[in-house]
Amino acid sequence: MTRLRRWPYTFAMALALLVGAAAVFSSLFLDLPLRDPDGFLGPSYIRLPLLVLGFIGAGLIVETVRRNGWRNLPTSVVDVAKKEWNAHRLLCIGAGLLSFYVCYVAYRNLKSVLPVYREGTLFDQQLFRLDHWLVGGNTPAVLLHELLGTGIAANLLSIAYLAYLPLIPISLGAVLVLNRRLAVGAWYTTMLSLNWVLGTVSYYLLPSVGPVFSHAEVFRALPETGVSELQESLIDTRLDYLSNPIGSDSIQGVAAFASLHVSVTFAAALFMTLTKQHRAVRAFTWIFFGVTVVATLYFGWHYILDDIAGIGIGGASVALSAWVTGHRRARRRPVAAVSEPDSVPAAKPADSVSRAAGAIL
């Protein structure tokens, strides 16, 4: 594994190659086209480069003003770019974007064809009964509706849940661009990619659609929100896809076990803690994770077991990605030390993990 970790993106690129090949094989086997999922700012191949370019531009201007003020800004920006943005750094950012993009697109396409491979197989009834047993004969969503109400809470939780969609690519761009320690960016990229891959495996192990689609009557009292609109769109897309998988232009996006909203937000919060980010960043990510867990149950996206499995996937992704990118505690070293891949310049002896990684956000 030493050679594997010499360049911190080796594992991420290998993982992308593997899961990308699986998606291509599935497409050929089922005679279904691969599709690029749209999101905010358009398709991923447009969205991610735009975010990175935006962060690079903003970072250059901030660093230039900090060093030289506003005088001769264009010339100063060029000088800073030459000093800060060498080919190796740009190569690492490109590798991070590419590996994340391939893993995400493969995940969305393999998730889309899940009903084709596991036709007629759903475990929603078993998971729904398990929820009842875990909460003493009640439905988790009903308890949350009674506790939090179905007015202001529904709208606030909807905003928080939907914020996940732009925050993940934004956080990736921030970690890749604003962090000078390249191996930390590789850790975060690999962590996100592993979430997509392990999440895809979980979908196939225990196919389910979630309480809101299997027991819609439980959620009829909820008001119209951004989440309810998204749920209506997803079920319409799923029905359109199932009616004609070959002729449909849609990507089927309904799968409950495990919750990747939970896995990714938990992994992000744990990552920010382990890399000793600013206290405000750590607090925000943990609060966001907690609110996400509540929202998944409140709106019926997931069962309790989905969220538990999501936490497991998130923790496993952080641990495995740390190991393959060289971020493991070495023997006979201080607790805060990490082993650095050979291709990344060594930090000064006085630097700690918090100082090296603290400039991510």
Side-chain angles (χ1 to χ4, degrees), residues 127-128 130-132 134-136 138-172 174-175 187-188 191-192 194-196 198-199 202 208 210-212 218-219 222-223 225-228 230-231 255-319 321-322 354 357 360-361:
L127 291 169
F128 194 77
L130 178 61
D131 269 7
H132 269 253
L134 289 173
V135 294
N138 297 294
T139 302
V142 173
L143 291 180
L144 288 173
H145 297 167
E146 294 175 351
L147 177 64
L148 302 176
T150 57
I152 296 176
N155 287 280
L156 292 178
L157 288 172
S158 174
I159 293 171
Y161 187 87
L162 296 177
Y164 166 94
L165 301 175
L167 281 179
I168 296 308
I170 288 173
S171 70
L172 175 66
V175 172
W187 184 1
Y188 194 71
M191 178 201 80
L192 290 177
L194 279 169
N195 271 279
W196 308 136
L198 296 177
S202 72
S208 56
V212 71
V218 175
F219 305 91
L222 292 179
T225 61
V227 162
S228 64
L230 176 60
Q231 289 172 337
F257 182 88
S259 171
L260 288 199
H261 267 68
V262 170
S263 75
V264 171
T265 54
F266 176 75
L270 185 57
F271 171 86
M272 297 302 174
T273 300
L274 293 176
T275 54
K276 301 187 184 301
Q277 300 305 308
H278 191 279
R279 184 178 299 177
V281 174
R282 285 178 279 164
F284 172 80
T285 53
W286 282 113
I287 292 172
F288 189 68
F289 158 69
V291 172
T292 299
V293 171
V294 174
T296 61
L297 301 174
Y298 183 94
F299 291 113
W301 289 109
H302 294 289
Y303 304 98
I304 293 176
L305 187 61
D306 300 345
D307 287 354
I308 294 174
I311 293 173
I313 289 175
S317 297
V318 172
S321 59
S354 60
I360 290 181
L361 293 175

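Every heavy atom of this structure was used, including side-chain atoms; hydrogens, water molecules and symmetry mates were not. Position 1 is the first residue of the sequence; numbering continues from there. Everything numeric in this text was worked out from a predicted model, so none of it was measured.
- At a threshold of 4.5 Å between non-hydrogen side-chain atoms, the residues Val293 and Phe266 do not count as touching.
- Looking at Pro166 and Ile170, their side chains come closer than 4.5 Å, going by heavy atoms from C-beta outward.
- Ser158 contributes no side-chain N or O that, together with a main-chain N or O of Thr225, makes up a donor-acceptor pair within less than 3.5 Å.
- With values rounded to the nearest 0.5 angstrom, Trp187 atom CH2 is found 5.0 Å from Leu274 atom CG.
- In this structure, Arg282 contributes its side chain and Gln277 its backbone to a donor-acceptor pair below 3.5 Å.
- Closest approach of His302 and Ala255 over heavy atoms only: CE1-O, 4.1 Å.
- Scanning all heavy atoms of the two residues, the minimum distance from Met191 to Phe271 falls at SD-CB, 4.0 Å.
- How far CZ of Phe288 is from NE2 of His261: 7.5 Å, rounded to the nearest 0.5 Å.
- Atom CD1 of residue Ile168 and atom CH2 of residue Trp196 lie 6.5 Å apart, to the nearest 0.5 angstrom.
- Going from atom CG of Leu144 over to atom OG1 of Thr139 covers 10.5 Å, rounded to the nearest 0.5 Å.
- Side-chain contact between Leu222 and Val227: absent, with no pair of heavy atoms (C-beta onward) separated by less than 4.5 Å.
- Rounding to the nearest 0.5 Å gives a distance of 9.0 Å between CG of Asn195 and OG1 of Thr265.
- Scanning all heavy atoms of the two residues, the minimum distance from Val218 to Ala141 falls at CG1-CB, 4.3 Å.
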Show every donor-acceptor pair shorter than 3.5 Å between a side-chain atom in residues 306-316 and any protein atom, with sequence neighbours excluded, or say none if there are none.
unit_1, atom_1, unit_2, atom_2, d
Asp306, OD2, Tyr303, N, 2.8
Asp307, OD1, Thr296, OG1, 3.3
Asp307, OD2, Thr296, OG1, 2.7

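- Here the shortest heavy-atom pairing between Phe219 and Leu297 reads CE2-O, 4.2 Å.
- A heavy-atom distance below 4.5 Å is not found between the side chains of Phe284 and Phe289.
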Exercise for the section: Show the numbers, then the answer: is there a side chain to side chain contact (heavy atoms under 4.5 Å, CB included) between Tyr188 and Leu172? Expected result: CA-CA 7 Å; Tyr188 194 71; Leu172 175 66; 4.2 Å; yes

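- Trp301 is not listed as a side-chain neighbour of Val262, based on a closest heavy-atom distance of 4.5 Å or more.
- To the nearest 0.5 Å, atoms CG (Asp131) and CD1 (Ile304) are separated by 4.5 Å.
- Considering only heavy atoms from C-beta on, Thr150 comes within 4.5 Å of Tyr298 through its side chain.
- In plain terms, the two heavy atoms of Pro211 and Gly300 that are nearest each other are CD-O, 3.0 Å.
- Across every non-hydrogen atom of Thr285 and Ala269, the tightest pair is OG1-CA, 3.5 Å.
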